[in-house]
Amino acid sequence: MIDETNLKIGEMRERIQQANTRRYAFYTMLHTTDRILWRLEEMNRDGQKTLTPGERTEIGRKLSELPARVLDVFQDSEQVQTVLDSIFEMQERLFRWRDPEWDHNDDDLERLAG
């Protein structure tokens with residue numbers, strides 16, 4: 001009986017650890033894309049329409065840790081707006097990875113607020 005309880009406790013700890021690891025990975029990837037988006041939005045606001053080769057390299061370096069299924073929508077372009085749009089699409093994929101039922105067109109927030 002004690003052995004069974006200890007086994008269940010061990011399994012629960014493992015599931016909690018896996019959930020925490022997944023949550024941490026999500027927030028790390030989201031934070032990475034948020035920082036890039038913030039900079040691109042500032043550039044856009046300031047009228048900067050193109051990225052320098054150095055800026056493109058830096059963005060690519062920062063994104064290199066993201067999984068391929070998220071990275072495959074990234075568009076390495078000299079156009080700020082093109083890169084900005086692709087980063088938003090990457091974030092959408094991150095949210096779907098975290099919650100496969102997530103739908104960005106869902107009106108839950110409006111329903112809850114009203």
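What's counted below: heavy atoms across the whole structure, side chains too, no hydrogens, waters or symmetry copies. Everything quoted here is computed from the prediction, not taken from an experiment.
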Report yes if the side chains of [X] and [Y] come closer than 4.5 Å at any heavy-atom pair, otherwise no.
{"X": "Glu78", "Y": "Thr52", "value": "no"}
{"X": "Glu42", "Y": "Arg39", "value": "yes"}
{"X": "Pro67", "Y": "Arg93", "value": "no"}

Ser86 side-chain N/O to Phe74 backbone N/O, donor-acceptor pair under 3.5 Å: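 Absent.
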How many angstroms lie between atom [atom1] of [X] and atom [atom2] of [Y], to the nearest 0.5 angstrom?
{"X": "Thr50", "Y": "Gln48", "atom1": "OG1", "atom2": "CD", "result": "6.0 Å"}
{"X": "Leu66", "Y": "Trp97", "atom1": "CG", "atom2": "CH2", "result": "9.5 Å"}
{"X": "Trp38", "Y": "Met43", "atom1": "CH2", "atom2": "CE", "result": "14.0 Å"}
{"X": "Leu71", "Y": "Asp76", "atom1": "CG", "atom2": "CG", "result": "11.0 Å"}
{"X": "Glu89", "Y": "Gln75", "atom1": "CD", "atom2": "CD", "result": "7.5 Å"}
{"X": "Met90", "Y": "Ile36", "atom1": "CE", "atom2": "CD1", "result": "7.0 Å"}

Which atom of Leu63 lies closest to which atom of Thr32, heavy atoms considered: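 Result for this residue pair: CD2-CG2, 4.4 Å.
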Worked check of side chain to side chain contact (heavy atoms under 4.5 Å, CB included) between Met1 and Glu4: CA-CA 5 Å; Met1 181 135 171; Glu4 241 179 83; 5.7 Å; no
Candidate list Thr82, Leu40, Thr57, test side chain to side chain contact (heavy atoms under 4.5 Å, CB included), partner Leu51, passing option: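 Output: one option passes, namely Leu40.
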Glu92 with Arg96: basic N within carboxylate O range, under 4.0 Å: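 Yes, charged N to carboxylate O under 4.0 Å.
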Within 6.0 angstrom of Glu58 CD, more than 12 heavy atoms from elsewhere: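 Check passes, neighbour count above 12.
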Test log, rule side chain to side chain contact (heavy atoms under 4.5 Å, CB included), inputs Leu30 and Phe95: CA-CA 9 Å; Leu30 186 64; Phe95 281 108; 4.0 Å; yes
Gln81 side chain to Asp85 side chain, donor-acceptor N/O pair below 3.5 angstrom: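 Gln81 vs Asp85: donor-acceptor pair found between side chains.
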Criterion side chain to side chain contact (heavy atoms under 4.5 Å, CB included) on Thr28 and Glu65, from CA distance to verdict: CA-CA 10 Å; Thr28 299; Glu65 298 297 316; over 6 Å; no
Pair Gln91-Asp34, side-chain hydrogen bond (donor to acceptor under 3.5 Å, both in side chains): steps then yes or no: CA-CA 9 Å; Gln91 280 195 337; Asp34 274 344; 2.6 Å; yes
Glu14 vs Glu11, side chain to side chain contact (heavy atoms under 4.5 Å, CB included): CA-CA, chis, key distance, verdict: CA-CA 5 Å; Glu14 186 175 326; Glu11 290 170 352; 5.7 Å; no
